[in-house]
Amino acid sequence: MSESLPEITPSRLAIKVKAPAERSIRQIHPWVFESAINKVSGEGLAGDLAIIYDSKKNKFLALGLWDPNSPIRIKVIQFKKSANIDQVWFNEKISIAKAKRKSLLATATNSFRLIFGENDGLPGLICDVYHQVAVVKLYSAIWYPYLKFLIAPILKESKAKTIVLRLSRNLQKPGIERHELHDGAVIYGTLTNENVIFTEHGLQFSANVIKGHKTGYFLDHRHNRKRIGELAKGKSVLDVFSYAGGFTVHALAGGASNVTSLDISRQAQEMAKQNVALNDLEGTHEVLVADAFKGMQGLIEKGKRFDIVIVDPPSFAKSAADIPQAINSYQRLTKLALQLVKTKGILLSASCSSRVKAAEYFEMVEKILNKSNRKFSLIEKSEHDTDHPISFPEGAYLKSGYYRIG
Ligand code: SAH
């Protein structure tokens, strides 16, 4: 049985912001920080409508949702022209989002990100679809009053029959929000099995939509997984930070002779094994449950070398203060990975820390490669797959570099 959605009527707040924030809003940037606000007409609860007027002419500038729990106090959802934030508004937003995914959905893929937060005009809201199950993940309480408007367009655009709600860690703390929904609540239809089977470029996977990381799986790397599959024929592959074995399965399907998945989580390794078993694959698959740094060091000491080494760590920089430490970890990982790549092999080095910009990341990787006594050449670089469009600078987080190591 699905849980009922909250009935919350948002209030309206009139807002004035400082000049730099006005400029940023005119450039269609969705974030207004607490420190940029000059005047607010009332107290404001999460999801209240924040109508921003320009300070000179008092004309409508933008409309956002008030977020008292975040330094990004207003998430702007409507620029230039006022609008009613109603069912019609949501239908249109989600229909536009779906249109951007058309080319991906023409492939043998039924798992995709339908809504990518700010980049699809719905800040702090993600919707990932796994075959007939849509998973809505909220990173902010601003969306509770509007959940009821999400159901119909998500069902229409995704063809899902079930909708699951996932909540970010900050929303799982007991708080002031005006609802009783919990992480993992089924908000539409029924969920017969929390492990949902779906297809990614013709291969089968399963995601645990209730307990899995984020919404259960990492859709952003889809293109890179396919690419590794294309490069893997007859190769030995090391998949570091393998999670549910996304790269592993694509490499085996592409004809890899053997793949080793390395991840610290035993549960993730179980998923990887299941995902390999879901597909009819030749080639051997080994799992190594270990810390990546120690596990790679152990492989080096045993004299193991691979044709392809993939390194896709979790985000190391959760805040600005973590950046130096994150860079240090990336450097150590790159040095270790390099020692595991055979002559003329490939290193795929990825980072999903939004605070470490792509240019800075690649410069760091290439510095390590330059310092080693091995020649290298860049094969290609990539960003998120096409169902993760980028509409503002902070929307870009994933970068991957493919290097041929001599
Ligand atoms: N490459 C994966 C996604 C990786 S997510 C894909 O394509 O889907 C990051 C993974 O890193 C998680 O599975 C987590 O368990 C693992 N992890 C986190 N810290 C780790 C560590 N110190 N050593 C090894 N694995 C780690």
Side-chain angles (χ1 to χ4, degrees), residues 8-86 89-90 92-93 96 115-126 138-146 168-171 173 175-178 315 317-324 353-360 389-397:
I8 303 168
T9 307
S11 305
R12 295 168 84 85
L13 303 163
I15 313 273
K16 290 274 173 76
V17 298
K18 295 181 180 157
E22 276 195 12
R23 275 199 297 277
S24 140
I25 292 167
R26 286 187 210 280
Q27 287 162 12
I28 321 292
H29 194 289
W31 292 351
V32 177
F33 285 86
E34 176 190 10
S35 55
I37 297 174
N38 267 342
K39 267 195 230 158
V40 192
S41 63
E43 268 292 308
L45 294 171
D48 280 348
L49 295 161
I51 300 135
I52 308 170
Y53 297 93
D54 87 34
S55 37
K56 284 203 186 114
K57 295 185 186 144
N58 208 29
K59 269 198 181 149
F60 176 91
L61 193 61
L63 182 156
L65 301 181
W66 184 256
D67 192 347
N69 308 311
S70 164
I72 305 174
R73 189 53 46 90
I74 301 171
K75 272 86 172 178
V76 180
I77 57 170
Q78 176 70 30
F79 296 89
K80 292 181 184 166
K81 232 177 93 195
S82 186
N84 290 326
I85 307 306
D86 55 11
W89 187 90
F90 278 92
E92 196 187 325
K93 276 266 138 141
I96 293 170
I115 303 169
F116 181 29
E118 278 80 346
N119 300 287
D120 285 304
L122 301 170
L125 192 156
I126 298 295
L138 301 186
Y139 290 87
S140 163
I142 56 176
W143 293 110
Y144 289 120
Y146 310 94
S168 66
R169 207 162 295 160
N170 60 318
L171 296 187
K173 293 180 202 144
I176 45 154
E177 286 91 19
R178 301 162 282 176
S315 174
K318 295 256 186 310
S319 70
D322 297 337
I323 294 175
S353 303
S354 59
R355 287 190 169 79
V356 178
K357 297 291 165 215
E360 189 186 358
I390 302 163
S391 77
F392 76 126
E394 293 85 346
Y397 65 90

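- Between the CG atom of L65 and the OG atom of S70 there is a distance of 12.0 Å, given to the nearest 0.5 Å.
- K16 has its side chain within reach of N58: a pair of non-hydrogen atoms, C-beta onward, lies under 4.5 Å apart.
- What you find for F79 and F60 is that their closest heavy atoms are C-CE2, 4.5 Å.
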Would L171 and W143 count as a side-chain contact (heavy atoms from CB on, under 4.5 Å) if you check the C-alpha gap in whole Å, the side-chain angles of each, and the deciding distance to 0.1 Å? CA-CA 11 Å; L171 296 187; W143 293 110; over 6 Å; no
Check residues 41-53 and write down every donor-acceptor pair under 3.5 Å in which the side-chain atom is one partner and the other belongs to a residue at least two apart or another chain.
| unit_1 | atom_1 | unit_2 | atom_2 | d |
| --- | --- | --- | --- | --- |
| S41 | OG | A14 | N | 2.8 |
| D48 | OD1 | S11 | N | 2.9 |
| D48 | OD2 | L45 | N | 2.7 |

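- Taking CD1 of I323 as the reference point, atom NZ of K318 lies at 13.0 Å (rounded to 0.5 Å).
- Between P10 and W66, the closest side-chain pair of non-hydrogen atoms is not below 4.5 Å.
- Proximity of a side-chain donor or acceptor of E22 to a complementary backbone N or O of S55 within less than 3.5 Å is detected.
- Environment of CD in E360: crowded, with over 12 heavy atoms of neighbouring residues, nucleotides or ligands closer than 6.0 Å.
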Kindly indicate, with the supporting measurements, whether the criterion side-chain contact (heavy atoms from CB on, under 4.5 Å) is fulfilled by R26 and L61. CA-CA 8 Å; R26 286 187 210 280; L61 193 61; 3.3 Å; yes
Go through the steps to decide whether W89 and Q78 satisfy the test side-chain hydrogen bond (donor to acceptor under 3.5 Å, both in side chains), and finish with yes or no. CA-CA 10 Å; W89 187 90; Q78 176 70 30; 2.8 Å; yes
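- In this structure, CD on E118 lies 7.0 Å from CD1 on I72, to the nearest 0.5 angstrom.
- Atoms CG and CD1, on L13 and I74 in that order, are 8.0 Å from each other to the nearest 0.5 Å.
- Shortest non-hydrogen contact noted between G395 and F116 is O-CZ, 3.7 Å.
- D322 places none of its side-chain heavy atoms less than 4.5 Å from the side chain of R355.
- Going from atom OG of S140 over to atom CG of L125 covers 9.0 Å, rounded to the nearest 0.5 Å.
- Applying the salt bridge (charged side-chain N to carboxylate O under 4.0 Å, His left out) rule to pairs touching residues 71-86 yields E34-R73, D67-K75, sequence neighbours excluded.
- Annotation: side chain of Y146 is not in contact with side chain of I8 (no heavy-atom distance under 4.5 Å).
- Between D120 and K93, the shortest heavy-atom contact is O-CD, 3.8 Å.
- For the pair S35 and K18, the tightest heavy-atom approach, listed with the atom from each and the gap, is O-NZ, 2.8 Å.
- Across every non-hydrogen atom of A62 and I25, the tightest pair is CB-CG2, 3.6 Å.
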